[in-house]
Amino acid sequence: MATSGRIPITLTRYGARQASTAGASESDKAIASRVCPFARDSPDEDAVSAEVFPPSLDHDERIGRFLKVSAAQVASDDYVIDSSSGGMTSWFVGRLLAEGDVDGVIHVGRNEDDLFGYRVSYDMDAVLGNRKSAYYATSFADAVSRIEGDGRRYAIVGVPCFITGARHLVRERPALADQLVYFVGLVCGHLKTDAFAQLLAWQVGVAPDQLAEVDFRVKHPHRDAQDYSFAARRRGRAEWASKPNRRLFGANWGHAMFQLGACDFCDDIFAETADVVLGDAWLEGFRQDWRGTNVVITRSPRLQEILDAGEDSGAVRVWPLSPDEAAKSQAGNFRHRRDGLAVRLADDIAEGRWVPLKRVQPDAERVGAKRRSLIRQRRALSRTSHTAFAAAREAGSLRAFMRVMRPKVNAYVLTDLGPVMGRLTIYAPWLARSRFVRNSFVRSILSRARTRSTGT
Ligand SMILES: Cc1cc2nc3c(=O)[nH]c(=O)nc-3n(C[C@H](O)[C@H](O)[C@H](O)COP(=O)(O)OP(=O)(O)OC[C@H]3O[C@@H](n4cnc5c(N)ncnc54)[C@H](O)[C@@H]3O)c2cc1C
């Protein structure tokens, strides 16, 4: 986008979108280096947020600048059932549209050529019809190119690196600055390649070449918000097949399967350059509510005003949170993004590899030996998942993927949980189904083990 397509973005064999600088001119490479959040010439999140937000905002090293931190949820059950979490992301962009703050919303939704892609929505039906998280690699280049110069104003929704990339883009193309007027961030653990949807779908009986549609977050009334299912639809069929996420291999975010390589170098969890950021309130008290509840951090007075008006009208429920609670809701994410990044940077530098400049300093000793081992195993797991899945897909064999990955996941779980809890976790799916395990105490231990194995 920044180079008008002279540095093309193509789909790799592993289902990731990748920029190709082969044959690009030095000036195009310089533009790309100023725009890509993982390049060395682009300003970091602290520099961007200092430029775009007033100095009066509070600052917390973990969540960035903030006006207010809250938990919130759309009040209507009919609404939230079709959202990933508390429904606040689609609600915010819907309000911006309804109140005339923007003419359109640039966000990810269902796509005719692919499962998901960036699209532009101009009415409420389109905003509401394209809800829920897309754990899928996308690019906003085409969508933003289509709206550039049309004289209308837009909100753009994205994970942290996309929002920072969009902020860099408007510096390069000032005409766009008058068009992209609201930046709506999603908290992010890491971004997945297309293979994530395909692996989960394969396990519910839909092979990759048959896959028409997926739903990563099917809610179950009266179960914990984290206890959601994955569903997939085969081409030419109307019915959906689904399974609880906790029973799907590869669904545990802690194992980082199919994570994009760039995510290994990200330290921005709360989309620090976005005007508002929304995530899941994975906190005691909220986790138990099947509807889902968002963590909401506002950095724009106008968006805070919209939230306050929604609370006053009863359209949304809002609870105050502290920055500590917001950070606690993403505890695993911080271990991966901050501690993990320090170790990965140190490892790469020791091996003579190029690394981007990050706010986190390289330091392999930042954590103890066990966490260091987990960080390294997770990185290896992630890398192997790409090649193993591409080979399995080409061979048409899901088993081939399991054969490569299961021993690695088991080793990771044993390091993480120790020999007793680790083995219980590994064998939990089989043990829980066994008619010999009738003892309620044993069942409660198994249930705890299974819950631990699905968290991020
Ligand atoms: C890759 C990824 C990783 C995430 N990791 C975490 C995490 O570790 N912890 C956490 O708390 N939350 C995480 N989230 C956010 C979480 O999944 C929910 O998206 C968020 O809580 C908003 O829920 P909601 O009910 O408010 O949104 P909804 O009301 O369901 O609306 C979602 C809105 O976001 C848009 N959207 C969905 N996916 C994308 C995408 N990939 N890019 C751009 N726009 C999109 C939709 O178009 C829609 O407008 C992640 C999201 C993504 C996409």
Side-chain angles (χ1 to χ4, degrees), residues 17 63 71-74 76 79-97 104-111 115-121 124 126-140 143 155-163 165-166 182-194 196-197 214-219 225-226 228 252-254 256 258-260 262-263 266 268-271 274 276-283 286-287 291-297 316 326-337 455-456:
R17 267 83 185 150
I63 66 171
Q73 177 187 69
V74 175
S76 154
Y79 188 103
V80 284
I81 192 111
D82 291 320
S83 280
S84 271
S85 181
M88 293 302 298
T89 311
S90 50
W91 183 83
F92 265 114
V93 295
R95 292 315 306 156
L96 286 172
L97 202 55
V105 178
I106 304 168
H107 61 150
V108 169
R110 280 153 207 81
N111 192 339
L115 291 182
F116 297 101
Y118 261 93
R119 50 167 288 126
V120 189
S121 293
M124 205 58 102
V127 166
L128 296 183
N130 288 282
R131 284 185 277 164
K132 291 204 173 177
S133 311
Y135 304 130
Y136 204 77
T138 54
S139 158
F140 60 55
I156 182 163
V157 185
V159 291
C161 57
F162 279 54
I163 293 296
Y182 285 103
F183 295 78
V184 177
L186 296 170
V187 169
C188 184
H190 57 263
L191 196 50
K192 304 279 194 186
T193 67
D194 302 8
F196 183 59
V214 301
D215 182 341
F216 289 107
R217 307 244 327 218
V218 180
K219 291 181 182 179
Q226 251 175 334
Y228 53 82
N252 184 328
W253 281 72
F258 310 118
Q259 181 203 271
L260 299 188
C263 307
C266 174
D268 182 3
I269 293 158
F270 281 98
V276 62
V277 58
L278 303 108
D280 287 287
W282 298 138
L283 292 166
F286 295 114
R287 201 196 298 259
R291 295 171 190 85
T293 312
N294 288 114
V295 164
V296 183
I297 298 176
V316 297
K328 200 172 157 207
S329 75
Q330 305 298 322
N333 219 335
F334 277 99
R335 286 193 293 272
H336 185 46
R337 291 304 180 76
T456 42

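These numbers were taken from a predicted model, which means no experiment stands behind them. Whatever order the structure lists ligands and atoms in, that order sets their numbers, starting from 1.
- Every N/O-N/O distance between Arg131 and ligand 1 stays at or above 3.5 Å.
- If you look at Trp253 and His190, their ring centroids are closer than 6.0 Å.
- The contact set between ligand 1 and Ser133, taken as ligand atoms under 4.0 Å from a residue heavy atom, comprises 16 (C), 17 (O), 18 (C), 19 (O), 37 (C), 38 (N).
- Taking each of Ser85, Ser90, Cys263 in turn, the one with a heavy atom nearest to atom 25 (O) of ligand 1 proves to be Ser85.
- Between Ile297 and Val276 the shortest side-chain heavy-atom distance does not fall below 4.5 Å.
- Side-chain contact between Val295 and Phe270 is present, with heavy atoms from C-beta onward closer than 4.5 Å.
- Applying the 4.0 Å criterion to heavy atoms of Asn130 picks out, from ligand 1, the atoms 46 (C), 47 (O), 48 (C), 49 (O).
- Taking the six-membered ring for Trp and the full ring otherwise, Phe216 and Phe196 have centroids separated by under 6.0 Å.
- Distance alone, capped at 3.5 Å, places no donor-acceptor pair between the Asn294 side chain and the Leu278 backbone.
- With sequence neighbours excluded, no residue forms a ring-ring contact (aromatic ring centres under 6.0 Å, His included) with Phe92.
- No donor-acceptor distance shorter than 3.5 angstrom exists from the side chain of Arg17 to the backbone of Ser139, with no hydrogens or angles considered.
- Among the atoms of Gly158, none of the N or O lies under 3.5 angstrom from an N or O of ligand 1.
- Some N or O of Val187 is nearer than 3.5 Å to an N or O of ligand 1, by distance alone.
- Under a 4.0 Å N-O distance rule, the pair Asp280/Arg217 qualifies as a salt bridge.
- Below 3.5 Å of separation, one finds no N or O of Asp82 facing any N or O of ligand 1.
- Heavy atoms of Cys188 come nearer than 4.0 angstrom to ligand 1 in at least one pair.
- In terms of modelled atom types and a separation under 3.5 Å, the side chain of Arg131 and the main chain of Tyr79 share a donor-acceptor contact.
- Residue Asn294 has at least one heavy-atom neighbour below 4.0 Å for each of these atoms of ligand 1: 21 (O), 22 (C), 23 (O), 24 (P), 26 (O).
- Any N or O atom pair closer than 3.5 Å counts here, and Val93 shares no such pair with ligand 1.
- Each of the atoms 11 (O), 12 (N), 21 (O) of ligand 1 lies under 4.0 Å from some heavy atom of Gly279.
- Of the possible polar contacts, none joining the Lys192 side chain to the Ala256 backbone as a donor-acceptor pair under 3.5 Å is found.
- Considering both main-chain and side-chain atoms, Leu186 never comes within under 3.5 Å of ligand 1 through any nitrogen or oxygen pair.
- The shortest separation from a heavy atom of His190 to ligand 1 is under 4.0 Å, placing the residue in contact.
- Side-chain atoms of Thr293 never come within 3.5 Å of backbone atoms of Gly86 as a donor-acceptor pair (strictly under, hydrogens ignored).
- On a distance-only criterion, Asp280 and ligand 1 share at least one N/O pair closer than 3.5 Å.
- Interface atoms of ligand 1 facing Leu191, defined by a heavy-atom separation under 4.0 Å, are 1 (C).
- Taking distance alone, with nitrogen or oxygen atoms compared against 3.5 Å, Ser84 approaches ligand 1 more closely than that limit.
- Residue Arg217 has at least one heavy-atom neighbour below 4.0 Å for each of these atoms of ligand 1: 17 (O).
- For ligand 1, the polar-atom distance check finds no N/O of Tyr79 at less than 3.5 Å from any of the ligand's N/O atoms.
- Residues satisfying the side-chain hydrogen bond (donor to acceptor under 3.5 Å, both in side chains) criterion with Tyr118, sequence neighbours excluded, are absent altogether.
- Using a non-hydrogen distance threshold of 4.0 Å, Tyr118 registers as a contact of ligand 1.
- Any N or O atom pair closer than 3.5 Å counts here, and Val108 shares at least one such pair with ligand 1.
- Relative to atom 41 (N) of ligand 1, the option among Gly109, Ala326, Ala134 with the closest non-hydrogen atom is Ala134.
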